[in-house]
Amino acid sequence: MKERRILIVLNLEVLEDLGIQEKIGDPVVLEAAVGGQGQQQQQQAQQPVHQPRQVAPISNTNFYGNNKPAPQNQLQQTMKLAPSSTGGHAAAIYPIEGLSPYQNKWTIKARVTFKSEIKHWHNQRGEGKLFSVHLLDESGEIKATGFNDQCDSFYEVLQEGQVYFISKCRVNIAKKQFSNIQNEYELSFERDTEIEKCEDQSSVPQERYNFVELGNVSQIEKDNTIDVIGVVKEVHDLSEITSKTTQKPISKRDLTIVDSSQYSIRLTLWGKQAQNFSTDEGNVIAVKGVKVSDFNGRSLSMYSSSTMSVNPDIDEAHSLKGWYDGSGKSENFSTHANIGGSLSAASGRKEDRKTLAQLKDEGIGMSEQPDYFTTKATIVFIKQDNISYPACPAEACNKKVIEDSDGQWRCEKCDKSYPKPNHRYIMTISVNDHTGQAWFSTFDDVGKQIMGKTADELFQLKEENEQAYLDVINGATCTTFNFRCRAKQDNFQGQAWAYLVVLGATTINFTQASKELIELINAYGI
DNA sequence: CCCCCCCC
């Protein structure tokens with residue numbers, strides 16, 4: 001948490017009525033005046049802390065972006081004097097970033113960048129209605145909510161896009177989990193809140209963004225909130241789904257957006273935003289406060305409080321449009337599907353892609369908790385003793401069966417005998433990649449994939465035609481797969497080792513594999 | 001004082 005100095009003025013005495021002054025005397029910035037630590041912090045702040053390819057959270061929120069928050073000294077610049085909204089006394093215009101519960105005599109001059117619809121609620125604690133707005137000035141942004149009477153008073157007054165003087169609100173600690181606004185605090189309108197439309201509508205920024213390049217979205221964890229800017233590549237038809245939680249139907253529209261990082265990503269719009277979307281392919285959209293989801297590697301989903309601006313008049317939009325109309329239109333785009341370190345949609349577990357050398361170097365499978373990883377490797381050797389075992393043929397039993405003296409196969413677990421067993425693979429294979437070697441254990445499903453035959457078929461073949469059997473083994477050797485594995489620590493004669501079990505294997509899709517390699521190369525930022 | 005943000 002960033003250190004914050006609070007100065008509470010308990011009393012002051014007016015020595016002389018000087019009227020309204022820009023400043024009195026020769027005030028100095030508080031931090032510098034404190035000396036020592038304060039100066040050190042300032043010097044640190046001047047260091048180039050920003051690394052180009054890294055996507056760092058802004059301040060201590062989980063809001064990600066490329067821009068640093070507004071520097072503190074901007075706050076002083078924002079301190080100006082406002083025309084009175086109440087007649088008589090002039091009020092100091094306060095920067096939004098300076099609002100806190102410790103000070104309530106302020107007026108902000110802010111643009112409404114978003115206004116929600118009126119929402120009605122009823123729960124065990126009561127019922128009511130509310131609306132909320134996002135307020136922006138050059139220092140920052142804040143959410144403000146009007147409940148019940150204040151909903152009636154201010155809903156029509158506040159219009160999206162307009163600039164207002166606002167004062168006398170309550171300042172509460174923001175509930176970050178419910179907000180995509182970057183502020184420690186949020187406002188609620190009170191009975192004596194004053195809101196007045198500002199004559200000068202131009203001096204407040206339209207919106208503030210912290211764009212994350214589409215290629216960097218994989219670095220953002222699921223459920224975080226980001227801003228993105230991209231060119232609309234595809235507009236999918238409006239569809240309707242039924243919400244699992246509310247059982248209510250809701251409109252949905254998927255867009256595919258792209259940017260010059262040569263990544264495409266799906267952006268889902270909901271409800272009215274989905275219905276009203278009418279922007280054609282080739283236009284730039286800037287989207288603020290969208291949710292990052294892990295579907296298909298990474299995708300984006302609009303909240304009802306997310307906002308979209310079509311072809312905004314900002315540098316990023318102009319350069320993207322230039323890029324797209326020039327070359328981008330005919331380029332190919334990567335997605336974040338199946339990238340190393342992404343979350344597997346199937347299991348929801350983190351499955352890092354590892355090289356075989358990394359397994360050893362990083363001690364994978366040498367800790368209490370199992371590790372999961374994927375790796376691309378080639379089978380170089382299949383151990384032929386114990387390639388399969390005779391298993392109980394009963395559904396989902398799989399217990400090893402023993403042949404009786406009368407030729408029946410006995411299962412201890414089922415307490416039954418069967419005329420013949422069902423063979424199941426328990427292969428141990430040696431795999432290699434360009435970095436090293438490992439032993440993997442595989443069971444029936446994966447064994448079938450590797451051999452292209454059931455263990456029963458292979459067992460039969462070995463009995464009938466030894467050479468044909470060896471041909472199958474040889475055919476499976478030197479094949480390459482993407483292996484999905486679980487690593488668990490085990491002990492053998494007092495020696496700890498990593499027991500690596502293959503949970504699934506897929507053959508190499510060369511198009512996909514090439515894309516992944518290109519992504520890896522791009523990640524070096526060359 | 002709401003706080004759900006949906007699907008595959």
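Below, chain A is the first sequence line, B the second, and so on; all start at residue 1.
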**Asked** Hey, are the side chains of A/Tyr185 and A/Lys143 touching, using non-hydrogen atoms and a 4.5 Å cut-off?
**Response**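 Not touching, per the 4.5 Å side-chain cut-off.
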Using a heavy-atom cut-off of 4.0 Å across all strands, would you classify [X] as base, sugar-phosphate, or nothing?
X: A/Thr145; answer: base
X: A/Thr245; answer: nothing
X: A/Glu186; answer: base
X: A/Arg266; answer: base
X: A/Lys244; answer: sugar-phosphate
X: A/Lys291; answer: sugar-phosphate

**Asked** Which residues pass the ring-ring contact (aromatic ring centres under 6.0 Å, His included) test with A/Tyr164, sequence neighbours left out?
**Response** none
**Asked** Taking 5' to 3' order, which nucleotide of DNA chain B is first and which is last to have an atom within less than 4.0 Å of a heavy atom in chain A?
**Response** B/dC1 to B/dC8
**Message:** Can you confirm if the NZ or CZ of A/Lys288 lies within 45° of the ring axis of A/Phe114 and under 6.0 Å from the centre of its six-membered ring?
**Reply:** no
**Ring-ring centroid check A/Tyr425 A/Phe443, cutoff 6.0 Å** =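 No - the distance between ring centres of A/Tyr425 and A/Phe443 does not fall below the 6.0 Å cut-off.
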**Asked** For A/Tyr303 and A/Ser293, take the nucleotide of DNA chain B holding the closest heavy atom to each; which residue's nucleotide lies nearer the 5' end?
**Response** A/Tyr303
**Message:** A quick test of your reading: do over 12 heavy atoms of other residues, nucleotides or ligands sit less than 6.0 Å from CG of A/Asp315?
**Reply:**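 No.
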**Prompt:** Above 12 or not: heavy atoms from other molecules or residues under 6.0 Å from CD of A/Glu117?
**Reply:** no
